[in-house]
S.K.: 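First the structure, which I've put down as structure tokens, then a few questions once you've had a look.
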Amino acid sequence: MQSTSTQGNTTQGNTTQGAGAAAQNKTKGVDSARRVLQILLQFGESKPEVTIEEVAAQHNISIPSAYRYIALLRELYLVEERNRGTYVLSPQVLRLTAAAEASIDVAAAAQPVVDRLVAQTGETALAMRRIGDSAVCVVSSQPDLTLGISFRPGHLMPLHRGAGPKVLLASMPRSRRESYLSRVMHESSPARIDGFRDELRAIAKAGLAISDSEVDDGIWAVAAAVNVENTVVATISIAGPSFRIGEARREELVATVQAAAREIEAAIRREEA
């Protein structure tokens, strides 16, 4: 019992010391600035909208104080009001998002893998990532330039067509994904939308998507998710003419692209180490 009591006191002492150290590490004289940044960080893909009441409750401040902090963020064009009392991040924040995404150099990690896939398969290979509500090709290699394939570095594509884009769409938080679908499929029947939701759930579970003539006529493609720290940061794809990629070869290309995704993940982890 004596030992248990001593251990408990030691643990409590360590916790108190840790809290004290954290308090000492806080920059002094910037409490208001800290609160504004904390409110900004309250937004996220899983929480794209916040209300004044949520801001006040989250940060234990009054409603008038919450209004003042939000007013400052609006003044700096970092948030905007969607409905009365409901706020979202403004497009201005996309610059910060792009900077954060650029910190993971997918192109550098994917380029040697893409080059090897082209040499190995004789088909087009590419890596894509999501920026906002679009899929962008960051690196690609195409052995047969006579083929009409739209995958070029910098080329933007919608997220609901094509193997690579659909992997990125399936990985988005549900609220953001539903918002996207409501915009691009508003003229589709409920049955078609439900079917597409089922497809996205299957893609998210498998980390893999296959498409045929969805982006370019006669082009079959397979894409695998590149997952870092439980986040899909990119996709790696192989694409080629449907007429020369039979069923047996398709199974082979699925396994090849999955192995390539694991290779890119390992390369990114080495870069971050």
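The chain is numbered in sequence order, starting from 1. Here the structure is a predicted model, which is why all the values come from computation and not from measurement.
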S.K.: Of the non-hydrogen atoms in Ala125 and Val114, which two are nearest, and what is the gap between them?
M.R.: O-CG1, 3.5 Å
S.K.: Closest heavy-atom contact between Thr124 and Gln142?
M.R.: OG1-CG, 3.2 Å
S.K.: Nearest heavy-atom pair of Ser175 and Pro48: which atoms, and what distance?
M.R.: OG-CD, 3.8 Å
S.K.: Shortest non-hydrogen contact from Val215 to Gly162?
M.R.: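 Closest pair (atom of Val215, atom of Gly162, distance): CG2-CA, 3.6 Å.
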S.K.: Please round to the nearest 0.5 Å and tell me the distance separating atom CD of Gln111 and atom OG of Ser141.
M.R.: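 If I round to the nearest 0.5 Å, the distance is 7.5 Å.
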S.K.: Is the shortest side-chain heavy-atom distance between Leu208 and Gln258 below 4.5 Å?
M.R.: yes
S.K.: Give me each pair satisfying salt bridge (Lys or Arg N to Asp or Glu O under 4.0 Å) with a member in residues 156-167, each pair once, sequence neighbours excluded.
M.R.: Lys166-Glu199, Lys166-Glu214
S.K.: For residues Leu73 and Tyr87, determine if any side-chain heavy atom of one lies less than 4.5 Å from a side-chain heavy atom of the other.
M.R.: no
S.K.: Which atom pairs, donor and acceptor, lie under 3.5 Å between side-chain atoms of residues 50-57 and protein residues at least two apart or in another chain?
M.R.:
residue, atom, partner, partner atom, Å
Thr51, OG1, Glu54, N, 3.1
Glu54, OE1, Lys47, NZ, 3.3
Glu54, OE1, Thr51, N, 2.9
Glu54, OE2, Lys47, NZ, 2.9

S.K.: Any side-chain heavy atom of Thr121 within less than 4.5 Å of one from Arg249?
M.R.: yes
S.K.: Just verifying a value: how many Å separate Arg244 CZ and Trp220 CH2, rounded to the nearest 0.5 Å?
M.R.: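 Answer rounded to 0.5 Å: 12.5 Å.
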S.K.: List, one per line, each side-chain donor-acceptor pair under 3.5 Å for residues 232-243, sequence neighbours excluded.
M.R.:
residue, atom, partner, partner atom, Å
Ser242, OG, Asp212, OD1, 2.7
Ser242, OG, Gly218, O, 3.2

S.K.: Test side-chain hydrogen bond (donor to acceptor under 3.5 Å, both in side chains) on Ser65 and Arg68 and set out the steps.
M.R.: CA-CA 5 Å; Ser65 293; Arg68 285 196 297 273; 2.9 Å; yes
S.K.: Could you state whether Tyr77 and Leu89 fall into the same hydrophobic cluster, counting links through intermediate Ile, Leu, Val, Met, Phe, Trp or Tyr residues with side-chain heavy atoms under 4.5 angstrom apart?
M.R.: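 Different hydrophobic clusters.
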S.K.: Got a sec, which pairs hit salt bridge (Lys or Arg N to Asp or Glu O under 4.0 Å) with one end in residues 252-264, sequence neighbours left out?
M.R.: Arg116-Glu263, Arg262-Glu265
S.K.: Does atom CG of Asn60 have more than 12 heavy-atom neighbours from other groups under 6.0 Å away?
M.R.: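 It does not: Asn60 CG has 12 such atoms or fewer within range.
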S.K.: Mind checking whether Ile245 and Leu253 have side chains closer than 4.5 Å, heavy atoms only?
M.R.: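 They are in contact (side-chain heavy atoms under 4.5 Å apart), so the answer is yes.
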S.K.: I need the full list of salt bridge (Lys or Arg N to Asp or Glu O under 4.0 Å) pairs touching residues 177-186, with sequence neighbours left out, sorted by first then second residue.
M.R.: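 For residues 177-186, and leaving out neighbouring residues, the salt bridge (Lys or Arg N to Asp or Glu O under 4.0 Å) pairs sorted by first residue read Asp133-Arg183, Glu178-Arg197.
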S.K.: Closest heavy-atom contact between Met157 and Pro165?
M.R.: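 Looks like CB-CG, 4.5 Å.
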S.K.: Within this structure, what is the OH-CG distance for the pair Tyr180 and Leu159, rounded to the nearest 0.5 Å?
M.R.: 4.5 Å
S.K.: Starting at CG of Leu168, measure out to CE of Met128 and round the result to the nearest 0.5 Å.
M.R.: 6.5 Å
S.K.: Determine, using the 4.5 Å side-chain heavy-atom cutoff (strictly less than), whether Leu78 and Val88 are members of one ILVMFWY cluster.
M.R.: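 As far as the 4.5 Å side-chain criterion goes, Val88 and Leu78 are not connected within one cluster.
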S.K.: Do Ile210 and Arg250 come close enough that some side-chain heavy atom pair is under 4.5 Å?
M.R.: no
S.K.: For the atom pair CD1 (Ile203) and CG (Leu169), what is the distance rounded to the nearest 0.5 Å?
M.R.: 8.0 Å
S.K.: Mind listing the closest non-hydrogen atom pair of Ala260 and Leu117 along with its distance?
M.R.: CB-CD1, 3.9 Å
S.K.: Taking only distance into account, with no hydrogens and no angle test, what donor-acceptor pairs under 3.5 Å do side-chain atoms of residues 30-40 form with protein atoms, sequence neighbours excluded?
M.R.:
residue, atom, partner, partner atom, Å
Asp31, OD1, Arg34, NH1, 2.8
Arg34, NH2, Thr27, O, 2.7

